[in-house]
Participant: 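First the structure, which I've put down as structure tokens, then a few questions once you've had a look.
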There are 4 protein chains.
Amino acid sequence: MTERGEATRQLLLDSATAVFSELGYAGATTKEIAKAAGVSEGTIYRHFADKRELFAAVFTERNAANFDAVIRLPELAGTKSVRENLLFLIEAIKDVERDVAPMRAAASTDADLAAALTSGSSMGPLTPLALYLEAEQRLGRIRPGVDVASAAVALFAVPFTAVTLDRLARAMGSSGEIDMAGAIDVVLGGILPQDEPAT
Amino acid sequence: MTERGEATRQLLLDSATAVFSELGYAGATTKEIAKAAGVSEGTIYRHFADKRELFAAVFTERNAANFDAVIRLPELAGTKSVRENLLFLIEAIKDVERDVAPMRAAASTDADLAAALTSGSSMGPLTPLALYLEAEQRLGRIRPGVDVASAAVALFAVPFTAVTLDRLARAMGSSGEIDMAGAIDVVLGGILPQDEPAT
Amino acid sequence: MTERGEATRQLLLDSATAVFSELGYAGATTKEIAKAAGVSEGTIYRHFADKRELFAAVFTERNAANFDAVIRLPELAGTKSVRENLLFLIEAIKDVERDVAPMRAAASTDADLAAALTSGSSMGPLTPLALYLEAEQRLGRIRPGVDVASAAVALFAVPFTAVTLDRLARAMGSSGEIDMAGAIDVVLGGILPQDEPAT
Amino acid sequence: MTERGEATRQLLLDSATAVFSELGYAGATTKEIAKAAGVSEGTIYRHFADKRELFAAVFTERNAANFDAVIRLPELAGTKSVRENLLFLIEAIKDVERDVAPMRAAASTDADLAAALTSGSSMGPLTPLALYLEAEQRLGRIRPGVDVASAAVALFAVPFTAVTLDRLARAMGSSGEIDMAGAIDVVLGGILPQDEPAT
DNA sequence: GATGAATGAGTATTCATTCAT
DNA sequence: TATGAATGAATACTCATTCAT
């Protein structure tokens with residue numbers, strides 16, 4: 001692949017991320033994607049075998065970004081406060097989820113599409129999140145007896161849900177922003193040591 | 001509308017629910033929906049102006065079902081245990097979400113589609129859930145100081161996330177069932193009175 | 001199938017025969033076929049699963065016509081003269097071949113296309129032709145010792161070749177009509193009784 | 001043209017012959033031809049103005065080969081036996097026809113394609129074949145009164161038809177080899193002196 | 001009310017051809 | 001000379017929608 005080719009490929013990946021995120025898989029036409037990248041439709045097919053492969057590449061790349069947001073988290077155990085760390089993280093997840101959510105939605109209703117995806121990539125953030133919580137638990141900054149895997153689910157569920165409902169509300173023209181921090185604090189109330197109030 | 005017409009309309013609504021849930025909006029063709037209902041394609045247009053209106057009718061009906069699952073919840077305040085009530089509820093939400101999730105996904109990536117939806121209908125379960133928690137809080141079965149609106153979000157997020165991730169995992173061929181009860185217990189740990197252990 | 005539908009199907013079959021014959025399989029676009037039939041492109045797909053199925057239907061129908069031209073031939077044994085019978089037949093074959101030849105050509109260079117064809121249908125005329133010659137041989141109007149199967153090939157080869165070369169010559173703008181009767185007479189010289197001159 | 005360029009040109013010609021013969025004109029993509037020649041697609045256009053010109057070059061070259069097979073035939077008049085000479089020739093024609101037939105088929109259904117061909121080149125073998133028969137007729141090895149032009153057609157038609165039907169049978173998965181020698185002997189029965197039996 | 005035939009705009013994909021390197 | 005990236009017109013096929021019966 002020449003340098004120019006590589007650049008075009010990345011351009012397509014970026015444009016496709018935007019278009020898929022905004023319009024979903026079915027709504028994102030190759031015409032639109034090409035236009036967004038400023039290339040011809042044919043060029044897509046020089047870099048990806050078909051639309052599904054392009055989608056898979058974008059989806060994997062975005063999920064990796066989601067994963068990146070949490071992967072270094074375990075190292076933070078013991079620094080700052082647990083609440084600070086988690087709020088920062090939840091915010092990062094939210095950013096990536098905004099791109100990924102509609103793509104995941106598309107993938108989950110299309111068996112062929114799902115087949116093109118790297119297995120397991122979807123639950124990316126859960127494992128590192130659980131690892132972090134476990135480390136903090138060892139340091140006594142998470143209440144003993146808390147099941148860290150379940151706590152990770154409860155924490156991840158908040159930005160995940162917030163983004164999805166927010167998208168819908170936005171599409172419907174209503175406002176209805178969800179108070180993520182509040183929900184996180186509720187969960188924190190269940191996992192932080194009882195003598196250390198969440199807020 | 002004759003009786004026969006009404007029957008056909010309901011038949012279409014039921015078939016469409018199944019097809020939309022399984023294939024999403026774009027994947028659900030009118031041909032498929034008509035076939036599932038055992039009527040001709042043309043018949044759809046005698047009952048609904050277009051595909052979007054059919055979708056909106058189905059979506060609203062399903063969301064109402066989701067709402068029904070929680071609407072009587074406030075009355076349960078004080079009966080059984082809070083945990084029992086919530087687990088029962090979360091299970092009910094999960095059942096309905098399985099149908100609604102892919103439709104919501106579709107709606108959230110199609111502005112025209114979203115416009116056809118009754119505003120506000122999507123967050124159906126959140127309000128009654130908060131009302132219930134508030135009632136329990138007054139009864140002393142929920143820790144004072146807990147923000148019930150935020151708690152409702154944290155609780156609702158669990159089945160919501162579980163269903164969505166489960167769909168994707170299933171479509172991708174992986175297993176990965178999410179432990180909903182565990183996550184709920186973590187949240188409960190933050191809202192039940194501290195002397196009453198969650199499990 | 002309603003009456004109207006049946007009529008449309010036949011209309012498509014007729015138009016497709018003309019377009020396939022003139023332009024070959026690849027050259028015959030669905031757009032062109034639809035236009036020739038005076039229907040929309042989509043209508044083609046109400047009657048045939050895809051272009052290949054339409055082609056197969058046309059090809060089979062035309063080959064059947066070719067077969068019809070010879071199937072009653074054996075009954076003619078003993079009537080008129082052998083030469084008259086064969087010249088009439090060869091002319092009939094030529095007429096049908098003009099339609100079939102380019103379609104056969106297309107089929108022979110496309111494995112998928114060929115697969116859609118009814119096996120064996122292509123050599124249709126050879127068998128009845130051989131049967132006729134055998135009957136005449138029994139009547140003493142064909143020289144004994146002549147291999148009727150081989151004679152059928154030699155006779156069929158003439159209109160077959162004439163049509164194909166003629167098409168090419170025409171396409172190239174040259175004239176070059178082939179003298180079919182002359183060639184047939186040469187073959188007849190080898191199969192008629194020696195005391196009965198061909199011409 | 002440099003030596004390297006000339007070599008590339010011939011390489012392309014050879015590869016194109018194979019690909020056109022196997023897939024026909026429409027089925028033979030420039031990508032495939034380039035790949036078969038081990039060069040890039042762009043290189044084709046350094047040697048040929050467009051695909052049609054490449055096709056014309058190949059077609060002419062192959063037809064010339066067909067012509068070569070017969071051109072020296074008249075010199076053989078009087079040597080060996082007429083039957084031996086003709087059977088050898090027919091076999092040679094068959095070999096070349098296998099390549100040419102699908103290309104001729106393509107040419108005959110595409111007016112633009114045909115226009116790119118050297119006029120008259122298609123009937124190559126007929127003239128020398130007639131010349132040979134005429135020479136033999138003068139030597140008394142062909143029955144007087146036989147129209148040599150017509151005899152040439154009858155003889156050429158056999159391998160021509162055999163190859164074409166064979167291709168189709170092969171594509172359709174059936175066997176059905178045609179007995180060329182038998183058919184030739186039938187024709188010979190009509191042109192050899194009557195006292196000299198064909199076989 | 002219901003049918004199913006017909007529509008035509010729209011979609012992903014292919015492919016001969018061009019051009020900068 | 002050769003490359004391979006880019007093009008854009010063309011193609012088979014789909015699908016929501018209309019309408020005569």
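Lettering follows sequence order; numbering is per chain, from 1.
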Participant: Find the distance F48(B):CZ to dT18(F):P and express it as a whole number of Å.
Facilitator: 16 Å

Participant: Rounded to whole angstroms, how far apart are CD on E41(C) and C1' on dA9(E)?
Facilitator: 11 Å

Participant: Report the C-alpha separation of R98(D) and S21(D) in whole Å, then their side-chain angles, then the decisive distance to 0.1 Å, and conclude whether the side-chain contact (heavy atoms from CB on, under 4.5 Å) test is met.
Facilitator: CA-CA 8 Å; R98(D) 246 191 277 268; S21(D) 295; over 6 Å; no

Participant: Who does dT21(E) pair with, Watson-Crick or G-U, both distances under 3.5 Å?
Facilitator: dA2(F)

Participant: What's the CD1-C1' distance between I33(C) and dT7(E), to the nearest Å?
Facilitator: 18 Å

Participant: Nearest heavy atom decides the nucleotide; on that basis, is Y25(C) or T30(B) closer to the 5' end of DNA chain F?
Facilitator: Y25(C)

Participant: Heavy atoms from C-beta onward define the side chain here; which of dT11(E), dA16(E), dT7(E) lies closest to that of T29(D)?
Facilitator: dA16(E)

Participant: If you compare every side-chain N and O of T2(A) against the phosphate oxygens of dG4(F) (OP1, OP2), does one of them come in below 4.0 Å?
Facilitator: no

Participant: Could you state the atom-to-atom distance from CD1 of I44(B) to C1' of dA16(F) in whole Å?
Facilitator: 9 Å

Participant: Do you know the tightest heavy-atom contact between H47(C) and E53(C)?
Facilitator: O-OE2, 4.3 Å

Participant: With the side chain of D50(C) defined as its heavy atoms from C-beta on, choose the nearest nucleotide among dC13(F), dT7(E), dA5(F).
Facilitator: dC13(F)

Participant: Closest-nucleotide mapping onto DNA chain E: is G42(A) or G5(C) further toward the 5' terminus? I mean the 5' end.
Facilitator: G5(C)

Participant: Taking atom P of dG8(E) as reference, at what distance in whole Å does atom NZ of K35(C) sit?
Facilitator: 15 Å

Participant: Side chain of K51(C), heavy atoms from C-beta onward: which of dC13(F), dA2(F), dT7(E) has the nearest atom to it?
Facilitator: dC13(F)

Participant: Is the phosphate of dA2(F) approached by H47(D) (side-chain N or O, under 4.0 Å from OP1 or OP2)?
Facilitator: yes

Participant: Separation of R9(A) atom CZ from dG4(F) atom P, in whole Å?
Facilitator: 17 Å

Participant: Between dA12(F) atom P and L54(C) atom CG, what is the distance in whole Å?
Facilitator: 11 Å

Participant: Are any of R46(A)'s side-chain N or O atoms less than 4.0 Å away from OP1 or OP2 of dA5(F)?
Facilitator: yes

Participant: Would you mind classifying the nucleic acid contact of A37(C) as base, sugar-phosphate or nothing, using non-hydrogen atoms under 4.0 angstrom?
Facilitator: nothing

Participant: Please state how far atom CG in L11(B) lies from atom C1' in dG1(E), giving the value in whole angstrom units.
Facilitator: 14 Å

Participant: Anything under 30° is parallel, anything over 60° is perpendicular, the rest tilted; go ahead and classify F55(D) against Y25(D).
Facilitator: perpendicular

Participant: Given dA12(F), dG4(E), dG8(E), which nucleotide is nearest the side-chain atoms of Y45(C)?
Facilitator: dA12(F)

Participant: Counting the atoms with a prime plus P, OP1 and OP2 as sugar-phosphate, which does A28(B) contact under 4.0 Å by heavy atoms, base, sugar-phosphate, or nothing?
Facilitator: sugar-phosphate

Participant: For the residue pair F20(A) and R62(A), establish whether any side-chain heavy-atom pair is separated by less than 4.5 Å.
Facilitator: no

Participant: Looking at T43(B), does any N or O in its side chain come under 4.0 Å of the phosphate oxygens OP1/OP2 on dT3(E)?
Facilitator: yes

Participant: Within less than 4.0 Å of OP1 or OP2 of dA2(E), is there a side-chain N or O belonging to T8(B)?
Facilitator: yes

Participant: Without swapping roles, check the side chain of K51(A) against the backbone of A28(A) for a donor-acceptor pair under 3.5 Å.
Facilitator: yes

Participant: Considering every strand and a 4.0 Å limit on heavy-atom distances, what is the contact class for A34(A): base, sugar-phosphate, or nothing?
Facilitator: nothing

Participant: Have a look at A49(D) and say if it touches a base, only the backbone sugar-phosphate, or nothing, with a 4.0 Å heavy-atom cut-off.
Facilitator: nothing

Participant: Does CD in E22(D) sit with more than 12 non-hydrogen atoms of other residues, nucleotides or ligands closer than 6.0 Å?
Facilitator: no

